[in-house]
Protein chains: 2
Amino acid sequence: MAKLYEKCIKVGLRMTLPRKIILEVIEDSADHPDVDELYRRAVEKDRSISIATVYRTTKLFEEAGIIERLDIGDGRARYEEAGEHHEHLIDIETGEIIEFQNEELEEMKRQVAKKMGYELVDHRLELFGKKIKS
Amino acid sequence: MAKLYEKCIKVGLRMTLPRKIILEVIEDSADHPDVDELYRRAVEKDRSISIATVYRTTKLFEEAGIIERLDIGDGRARYEEAGEHHEHLIDIETGEIIEFQNEELEEMKRQVAKKMGYELVDHRLELFGKKIKS
DNA sequence: CTAAATGCAAAACCTTTGCCTCAAA
DNA sequence: TTTGAGGCAAAGGTTTTGCATTTAG
């Protein structure tokens with residue numbers, strides 16, 4: 001089931017071969033690849049894809065709400081499939097990115113924004129932690 | 001009172017003229033200037049300062065815990081005086097950055113990390129909101 | 001067939017670095 | 001006086017863009 005593909009069609013995107021491939025790569029990625037990594041994975045499926053297209057396409061998909069950009073503070077954009085909102089915990093020793101969800105936290109954010117007179121449109125939370133040894 | 005200056009001395013930093021000026025600029029800034037802006041403000045006090053020094057010095061101050069880096073996702077580092085931890089709400093219509101604090105939220109973050117077996121070392125939260133018209 | 005997308009290479013940004021000179025302690 | 005800091009310009013890394021060519025609809 002090409003879930004993301006349907007979504008692209010629905011919002012009226014022209015589905016070229018490079019776009020299909022990049023979409024496929026993202027859909028098949030369980031991690032949070034940066035553009036260079038997406039490019040490497042895409043090139044394996046079609047040698048002719050250029051990195052400029054990966055940049056243009058990720059930007060396009062992001063603006064269309066198909067994928068989401070993640071910034072862990074290392075100067076490169078990372079991407080993941082858009083879905084239910086979740087947060088990221090970054091293991092500062094290994095760089096591993098762990099996803100989690102917490103509705104209570106979400107609600108509190110909405111409340112805090114509201115209290116300041118704002119409607120929460122987007123929000124990002126990154127926790128940086130060290131594994132507790134037991 | 002040169003609060004930050006004392007802090008620098010305490011951690012053993014050599015206080016050169018450029019460092020004093022950059023520190024002063026940050027201390028006098030109520031906003032969240034990026035490096036280029038800090039550079040512009042510093043140059044007004046001493047024409048000979050170079051942008052390389054601003055980069056080197058902000059990095060130094062950050063590592064020493066004198067100032068804090070803020071990343072609002074626009075590809076440039078912004079800085080502010082280090083102090084009690086606070087979060088940022090970004091007005092998506094004006095770009096204005098509003099600071100806020102919420103101990104309940106802090107505690108919840110610690111709890112969430114702990115539940116996943118991590119000790120919270122650092123954390124970043126940015127809320128993006130639209131002003132509610134009344 | 002036509003407007004939009006791609007590839008390529010160059011440019012634009014932000015940030016870091018090498019090297020020689022200068023200054024703080 | 002000595003070691004670290006600063007200025008300058010060049011280099012690095014990521015992302016964007018101009019332009020000629022190709023392709024989806």
Side-chain angles (χ1 to χ4, degrees), chain A residues 2 5-26 32-64 66-79 95, chain B residues 2 5-6 8-26 32-64 66-79:
Chain A
Y5 184 86
E6 302 301 337
K7 218 169 162 181
C8 288
I9 297 297
K10 200 164 293 175
V11 299
L13 294 185
R14 242 200 217 197
M15 291 315 279
T16 65
L17 184 57
R19 289 184 181 175
K20 282 182 199 159
I21 289 177
I22 293 166
L23 201 61
E24 216 178 282
V25 166
I26 293 172
H32 302 78
D34 59 30
V35 172
D36 212 61
E37 183 58 34
L38 287 177
Y39 171 61
R40 275 190 292 267
R41 295 181 192 176
V43 159
E44 280 180 29
K45 303 196 176 205
D46 179 344
R47 177 126 343 158
S48 74
I49 285 181
S50 84
I51 191 143
T53 296
V54 181
Y55 273 106
R56 280 192 277 240
T57 304
T58 47
K59 187 181 212 179
L60 179 83
F61 285 168
E62 193 204 344
E63 284 165 355
I66 312 288
I67 64 177
E68 276 169 16
R69 180 203 300 262
L70 165 66
D71 172 13
I72 65 165
D74 65 350
R76 294 168 278 179
R78 289 161 185 283
Y79 291 94
Chain B
Y5 185 85
E6 303 301 337
C8 287
I9 298 298
K10 201 163 293 173
V11 298
L13 294 185
R14 238 198 221 198
M15 290 316 279
T16 65
L17 183 58
R19 289 185 182 176
K20 282 182 198 159
I21 289 177
I22 293 167
L23 202 60
E24 216 179 281
V25 166
I26 293 173
H32 303 77
D34 59 30
V35 172
D36 213 61
E37 183 59 33
L38 287 177
Y39 171 62
R40 275 190 293 267
R41 295 181 192 176
V43 160
E44 280 181 29
K45 305 197 177 206
D46 179 345
R47 179 130 338 160
S48 75
I49 285 180
S50 85
I51 191 145
T53 297
V54 181
Y55 273 106
R56 280 193 276 239
T57 304
T58 47
K59 189 181 211 178
L60 179 82
F61 286 167
E62 194 205 343
E63 284 165 355
I66 312 288
I67 65 176
E68 276 170 16
R69 180 202 300 261
L70 165 66
D71 171 13
I72 65 165
D74 65 351
R76 293 167 279 179
R78 290 162 183 281
Y79 291 94

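Keep in mind that this is a model prediction, so the values were computed, not measured. In what follows, chains are A, B, ... by sequence order, proteins preceding strands, each numbered from 1.
Among residue pairs with one or both ends in residues 6-18 of chain A, none qualify as salt bridge (charged side-chain N to carboxylate O under 4.0 Å, His left out); sequence neighbours excluded.
In this structure Ile26(A) satisfies the side chain to side chain contact (heavy atoms under 4.5 Å, CB included) test together with Ile22(A), Leu38(A), Ile67(A), sequence neighbours excluded. Under the side chain to side chain contact (heavy atoms under 4.5 Å, CB included) criterion, Ile9(B) pairs with Tyr5(B), Met15(B), sequence neighbours left out. Shown here are the side chain to side chain contact (heavy atoms under 4.5 Å, CB included) partners of Asp71(A), two or more places apart in sequence or in another chain: Asp71(B). Remark: Glu37(A) engages Pro33(A), Asp34(A), Arg40(A), Arg41(A) in a side chain to side chain contact (heavy atoms under 4.5 Å, CB included) (not counting sequence neighbours). With sequence neighbours left out, Glu62(B) forms a salt bridge (Lys or Arg N to Asp or Glu O under 4.0 Å) with Arg69(B). With sequence neighbours excluded, the residues forming a side-chain hydrogen bond (donor to acceptor under 3.5 Å, both in side chains) with Lys45(B) are Glu24(B), listed by chain and number.
One end of the helix from dC1(C)-dG25(D) to dA25(C)-dT1(D) points its axis 40° away from the other end's axis, with each axis taken from 5 pairs and the angle rounded to 10°.
Rounded to a whole Å, the NZ atom of Lys20(B) is 12 Å from the P atom of dG6(D).
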Side chains of residues 51-58 of chain A: which donor-acceptor partners sit under 3.5 Å, not counting sequence neighbours?
residue, atom, partner, partner atom, Å
Thr53(A), OG1, Ser50(A), OG, 3.4
Thr57(A), OG1, Thr53(A), O, 2.6
Thr58(A), OG1, Val54(A), O, 2.8
Thr58(A), OG1, Tyr55(A), O, 3.0

Original post:
When every nucleotide of nucleotides 15-25 of chain D is labelled 5' to 3' by its protein contacts under 4.0 Å (heavy atoms), B for base, S for sugar-phosphate only, - for none, what sequence of letters results?
Top reply: BBBB----BBS
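Along DNA chain C, the stretch of nucleotides lying under 4.0 Å from any heavy atom of chain B spans, 5' to 3', dC14(C) to dA25(C).
No side-chain heavy atom of Arg76(A) sits less than 4.5 Å from a side-chain heavy atom of Asp36(A).
When every heavy atom of Ile49(A) is checked against every heavy atom of Ala42(A), the shortest pair comes out as CD1-CB, 4.1 Å.
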